[in-house]
Number of protein chains: 2
Amino acid sequence: MAVKYKEIAERLEHDIRSGTFNQVKKLPTEEELMKQFNVSRNTIRKAVSQLVHRGYVYQVQGSGLFLREESSADYINLGSLRGLTQDLSAKSIETNIMDLCVLEADEGLAAQLRCAPGTKLYYLKRLRIVDKEPFSIEISYFKKEIVPYLNEEIASNSVYEYLIEDLQLHIGFADKVISCEKVDASSAELLHIEPDNPALIIENTVCLANGTIFEWSKSIFHFRKAKILNRINFK
Amino acid sequence: MAVKYKEIAERLEHDIRSGTFNQVKKLPTEEELMKQFNVSRNTIRKAVSQLVHRGYVYQVQGSGLFLREESSADYINLGSLRGLTQDLSAKSIETNIMDLCVLEADEGLAAQLRCAPGTKLYYLKRLRIVDKEPFSIEISYFKKEIVPYLNEEIASNSVYEYLIEDLQLHIGFADKVISCEKVDASSAELLHIEPDNPALIIENTVCLANGTIFEWSKSIFHFRKAKILNRINFK
DNA sequence: AAGTGGTCTAGACCACCGT
DNA sequence: CGGTGGTCTAGACCACTTC
């Protein structure tokens, strides 16, 4: 990571998360940060705008740079790539692999992934267990052309860590569709809830930085245990 | 709006929405935009980054600026201030005011709004009807100190348009918590669904640009009709 | 090699907050 | 009024895509 503004943003994010500014609830001024990191003002402003987007701070013209309140509960964060591991860091997380194989896209999957029917895909179904209780079911399809190899060991840990660090994929953007349904019988059993109970659903279409779709997934969450937090900035 | 990059972003957003670039699926290069709007490169880049953030386009280094696919269905957009009116623009939207009054914050509301119990609040409950069918129930509390006046006429249209254009409030950021519950009996009746059916819930804490909380709201959506779309950018 | 976006600098001036 | 963010410019150099 040779990029200055990203390094500064990561450094500040780390400091915020470890409570460095909790007393004053305020970050140093832009001028102080310029001196501290020995970079130009625009570079500081670019680093800070990353923290704003991630929901850590807000800027007030003429006044300063303030910490946003920490969210007390454990929420799922839509914007993070690392998924549950980072969001629910205080909890114990286990993963059961229910299924992992290569298959060929049918009409429906081909439409979701914008590829020809018959395209080879990795199919992965996992049960996520948080604090010893079933939390969610995650069903993912990856284009094999882009993710040429996957095994149970990788799928038991963070798939995205593997995609980014080992396969060196550049992940660009995603569409997430959030909805709510009655849970089907087999999912109800896995999640230890009654059939016809509600379930929170996230369908996720993920693209590389160059715009190519490489994953489509559907996650089914236990309706009492999962809440999603989204921090929005206007302006 | 004397700010150049915002004007350029709005102009480009309008052009994108009206299909100007649909043939090529690409925007002009930064250099062309610089000439077209007669501004510096950084100003163009700032305008473009707003479009990226709103999910309209993605940038590919060395290649260009591309349109993201339009989402086919009618989704609720978490990032917009205007709410349903803009998101579901193709549909007919009606609003029934169920309740509108001033009350004093109890312990629970005081905690949500970070104010003293007894603080005066506007309470507003509305039923939103889309294409002649009940779509959602919205319950809002506004600090009267910040929103000193509200009436049925304003509440029948866009409250946020009134807050921004008439009261000149500067809205800064919001925390949105999305979850899923079994619907209660009275809400079920309003939404024309069976009791115990699922409901999609958004709880919303909204702050002014200076960080003051001024609204807390809870929206209960018809689980078959409401889907939320969130477009995420990494990097 | 040419085209196009990504990062970074240095400096100017404006707008808003607080004392 | 001084302090602090917000906007804007002009120019340099780097990194990636495309041909």
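Lettering of chains follows the sequences in order, A, B, ..., and the numbering in each one begins at 1.
Spacing between atom CZ of B/Arg41 and atom P of C/dG3 amounts to 15 Å, rounded to whole angstrom units. In this structure, A/Phe66 places its CZ atom 12 Å from C1' of C/dC16, rounding to the nearest Å. Atom CG of B/Leu51 is separated from atom C1' of C/dG5 by 15 Å (rounded to the nearest Å). The distance between atom CG of B/Leu65 and atom C1' of C/dG3, rounded to the nearest whole Å, is 15 Å. Remark: P of C/dG5 and CG of B/Leu27 are 10 Å apart, rounded to the nearest angstrom.
Residue whose closest nucleotide on DNA chain C sits further toward the 5' end, between B/Arg45 and A/Asn38: B/Arg45. Each of A/Asn42 and A/Gly64 lies near DNA chain D, and the nucleotide nearest A/Gly64 is the one positioned closer to the 5' end. When each of A/Ser63 and A/Ser40 is assigned the nucleotide of DNA chain C with its nearest heavy atom, A/Ser40 is the one assigned upstream, toward the 5' end.
B/Leu33 places none of its side-chain heavy atoms less than 4.5 Å from the side chain of B/Ile8. With a 4.5 Å cut-off on side-chain heavy atoms, B/Lys227 and B/Phe221 do not count as touching.
Side-chain atoms of A/Asn210 and A/Thr212 include a donor-acceptor pair closer than 3.5 Å.
In this structure, A/Arg11 places its CZ atom where only 12 or fewer heavy-atom neighbours from other residues, nucleotides or ligands lie under 6.0 Å away. Summarising the local packing, CD of B/Glu145 is surrounded by 12 or fewer heavy atoms from other residues, nucleotides or ligands at distances under 6.0 Å.
For DNA chain D, the outermost nucleotides in 5' to 3' order that have an atom under 4.0 Å from a heavy atom of chain B are D/dT7 to D/dT18.
Using bins of under 30°, 30° to 60° and over 60° for the plane-to-plane angle, the ring pair A/Tyr58/A/Phe66 lands in the parallel bin.
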